[in-house]
Undergrad: 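Before anything else, here's the structure in question.
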Amino acid sequence: MLFVEFARVCEQVAATTKKLEKAALLKAFFAELSDDDLVIAARFFAGTPFPLADQRVLNVGGAVVRDAVLQLTGASHEEWGQLVVTHGEAGRAAQQLLLGRVATSSSLTLSEVMAVYEALEAARGPSKKMPLIATTLERLTPLEAAYLIKLMLGGDLRIGLQEGLVEDALARAWDLPVAAVQRANMLLGDIGETALRARYRRLDDVTMRLFHPLKFMLASPIVDPQEIRKGIAGPFFVEDKYDGIRAQAHKQGDRIVLYSRTLDDVTSRFPELFGPLLNLPGEWVLDGEVLAARDGRILPFKALQPRLGRKEVGAELLASTPVVFVAYDILYQDGEVLLDHPLYMRRVRLEDLVRPYGADQPIDGIVSGTVMPSLQLLVRHVDRIERLFDQARARGNEGLMVKDPDSRYKPGRRGREWLKVKKALGTLDVVVTAAEVGNGARRRFLSDYTFAVRRSADDPELLNIGKAYSGLTDVEVQELTDWFMAHTIRDFGRVKLVEPEIVFEVAFDSVQPSPRHKSGYALRFPRIVRWRKDKLPHEIDTLDTVRQLAETT
Ligand code: AMP
């Protein structure tokens, strides 16, 4: 099948807002494909060339794509920047610039395009990747170029097609229950293989694969504890919200792998956890948090940062920031997938497995170099939250998590079964939209940042809400300056509009209505708490949370 046929279907999908019509278009296309092409097309529709659970990543940034397009077209940086702003993405900008300058008829097949992505992944560094992109673009029509780039930059084709809709279309194509398709895709972490199994009606024997990370279940923020009652009628679990690094641990035989929230293998960063994790018997997958702790005290998140920057951890770092793995969920054990078991039952299993303490030891103490269960209470009355929140803070934690004891584990979902309790003076996760030259000692850096929240969970529009410059280290500011220089989409001299990729957690004193920003709100005394390298831009906070914070501050 030619790649251009895929691009044409995408255009038709973009042209309708009706989900049923989108699904029908996909269904008709799927029917035409060979097995190999079906695998590739399903992945492409979901927005990425490689399966989710695959550790391969293209590592292609906007700057490499820009340079390839500019080389072919002779356009200026300025022209490129303007087109990216107009279209809101690089793919369409390239499509417009390449018109008349590249192939007029297409010949590349889906599998040939897939081979290009594989070669790109294998090529190390922008200087190797750029020529590969340029020679491929030359062979494609402008429409195909748009889709080649959309897929390269990853995540979303911007045609109103989420992975959920691809699952839906697969179910319709082969007349299967959509829940079966979702489940297979979740466990396999590969919509391509899921598609093939759907075609051959082989969804039932899919089981959990160790060393293929599952997406993490996420929480919705609440400000007012009364909101707990909107979703949970009875008693609920309250856990400390630990401020560390989310990690999914897999064990089989003598092998341990830890995956980060972005599903990357981060095992080598935490060597002192191998022993304690290997000591837990059987095969299992645990969800939890890696924390730095010394002498029974949890250290601030900043203490963990040096670990993240390195592939190998030296003796000095091991001694200065010992870590602990706090487990709060178990997703699989000895051949049994536990995702559909209610949380209270998973918890029983978890506590049976993770018992580093003698019975007389307090469970809220933290012992470095160990694995321990999260501190958890069953609470009946919402009015206890306030006290518990303060106690969690006093233990060095961020706040509280509230969980529905009956809830299933839903990978990748941010639902109301898990709630994170933010106090009035909480923090927001935001994405940087513009970077500006700083003052004084920082005048050689892009150190003043304008940032935005999302309009809503379904609407990705970014709404600026504030500007901050304090809170980061010089090393971080240097790194960010380099990144923003390479990812500027429009240059106004001192101020640069940048690709909205960098996520910060910001603290502030209050939220107030304000006409100054597009969001209609402004933050008083905003400061950057940390650079959230583990968060993707679509995971930032929404206008709804801002509105709630404004009402209570
Ligand atoms: P946020 O990063 O603000 O979206 O909050 C969700 C994050 O809280 C999760 O990704 C976890 O890393 C973290 N977290 C800390 N403690 C817990 C806990 N007890 N249960 C679940 N998530 C937790």
Side-chain angles (χ1 to χ4, degrees), residues 213-223 236-249 258-264 266 286-293 298 300-301 304 308 323-331 343-344 346-347 350-351 354 363-364 366 371-379 385 388-389 391-393 395-405 407 409-423 426-431 453-454 457 503-507 529-542 544-546 548-549:
L214 287 169
K215 288 194 216 167
F216 290 85
M217 179 155 172
L218 301 170
S220 300
I222 60 167
V223 178
F236 47 88
F237 285 138
V238 173
E239 292 179 23
D240 280 18
K241 183 172 192 294
Y242 302 95
D243 192 11
I245 295 162
R246 184 87 178 259
Q248 193 178 99
L258 287 166
Y259 296 98
S260 71
R261 208 174 134 152
T262 39
L263 310 188
D264 299 311
V266 291
L286 298 178
D287 182 11
E289 197 93 357
V290 178
L291 298 178
I298 296 171
F301 177 80
L304 268 176
L308 296 178
V323 297
V324 50
F325 183 79
V326 179
Y328 36 72
D329 223 315
I330 181 162
L331 315 183
L343 175 58
Y344 72 88
R346 299 200 303 275
R347 182 75 193 188
L350 178 72
E351 292 190 6
V354 184
I363 202 161
D364 57 346
I366 295 272
V371 184
M372 53 175 287
S374 58
L375 177 63
Q376 191 190 62
L377 297 170
L378 187 67
V379 175
I385 290 287
L388 293 172
F389 186 94
Q391 288 166 357
R393 297 287 295 204
R395 281 190 285 270
N397 295 316
E398 234 187 319
L400 296 176
M401 297 287 297
V402 169
K403 298 181 181 177
D404 184 345
S407 58
Y409 191 96
K410 297 190 179 148
R413 299 289 149 91
R414 190 186 293 284
R416 299 207 57 92
E417 295 102 334
W418 283 18
L419 300 168
K420 49 184 175 187
V421 184
K422 292 212 179 196
K423 261 282 187 73
T427 60
L428 283 172
D429 293 327
V430 297
V431 70
V453 291
R454 261 170 94 97
V503 177
F504 286 158
E505 181 178 348
V506 290
V529 182
R530 72 163 116 134
W531 176 5
R532 295 286 311 246
K533 287 188 178 173
D534 61 328
K535 275 210 168 179
L536 296 170
H538 69 260
E539 295 177 304
I540 61 171
D541 279 304
T542 61
D544 227 17
T545 309
V546 174
Q548 289 176 22
L549 286 167

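First listed ligand is number 1; within each ligand, the first listed atom is number 1. Everything numeric here is computed off the predicted structure, so don't read it as measured data.
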Undergrad: Note the single closest protein heavy atom to atom 4 (O) of ligand 1, along with its residue, its atom name and the distance in Å.
TA: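 Looking at atom 4 (O) of ligand 1, the protein heavy atom closest to it is Lys420 NZ, 2.5 Å.
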Undergrad: Identify, for atom 17 (C) of ligand 1, the protein heavy atom at the shortest distance, and state residue, atom and that distance.
TA: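 Result for atom 17 (C) of ligand 1: Tyr328 CE2, 3.3 Å.
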Undergrad: As a check for students: among Arg246, Arg532, Glu289, identify the option with a heavy atom nearest to atom 2 (O) of ligand 1.
TA: Arg532
Undergrad: Under 4.0 Å from a heavy atom of Trp418: give me the atoms of ligand 1 that qualify, with their elements.
TA: 21 (C)
Undergrad: Is Arg261 close enough to touch ligand 1? Criterion: a residue heavy atom under 4.0 Å from a ligand atom.
TA: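 Distance cut 4.0 Å: Arg261 passes for ligand 1.
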Undergrad: Let me confirm one number: the CD1-CG distance from Ile245 to Leu258, rounded to the nearest 0.5 Å.
TA: 10.0 Å
Undergrad: If you measure every N/O of Asp240 against every N/O of ligand 1, is any gap under 3.5 Å?
TA: yes
Undergrad: For the CZ atom of Arg347 and the CD1 atom of Ile330, what is their distance to the nearest 0.5 Å?
TA: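 The CD1 atom of Ile330 is 11.0 Å from CZ of Arg347, to the nearest 0.5 Å.
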Undergrad: Measuring from non-hydrogen atoms of Tyr242 to any atom of ligand 1, is the shortest distance under 4.0 Å?
TA: yes
Undergrad: Hey, is ligand 1 close enough to Ser374 that some N/O pair sits below 3.5 Å?
TA: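 N/O-N/O distance under 3.5 Å: no.
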Undergrad: Considering only protein heavy atoms, which is closest to atom 7 (C) of ligand 1, and at what distance to one decimal place?
TA: Lys241 NZ, 4.0 Å
Undergrad: Is there a heavy atom of Gln376 sitting under 4.0 angstrom from any atom of ligand 1?
TA: no
Undergrad: Can you name the nearest heavy-atom pair linking Arg346 to Asp329, along with the distance?
TA: NE-OD1, 2.6 Å
Undergrad: Could you measure the distance from the CZ atom of Arg454 to the OG1 atom of Thr545? Nearest 0.5 Å is fine.
TA: 12.0 Å
Undergrad: What are the two closest heavy atoms between Asp541 and Pro221, and how far apart are they?
TA: OD1-CG, 3.8 Å
Undergrad: Answer yes or no: does atom CZ of Arg413 have more than 12 heavy-atom neighbours from other residues, nucleotides or ligands under 6.0 Å?
TA: no
Undergrad: Any heavy atom of Lys403 sitting closer than 4.0 Å to ligand 1?
TA: yes
Undergrad: Taking atom types as modelled and ignoring hydrogens, do the side chains of Thr262 and Asp264 form a donor-acceptor contact shorter than 3.5 angstrom?
TA: yes
Undergrad: Can you sort out which atoms of ligand 1 are near Glu239, meaning under 4.0 Å from one of its heavy atoms?
TA: 18 (C), 19 (N), 20 (N)
Undergrad: Applying side chain to side chain donor-acceptor pair (under 3.5 Å) between Tyr328 and each of Lys403, Gln376, Glu289, Glu239, report the one that passes.
TA: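 Of Lys403, Gln376, Glu289, Glu239, side chain to side chain donor-acceptor pair (under 3.5 Å) with Tyr328 is met by Glu289 alone.
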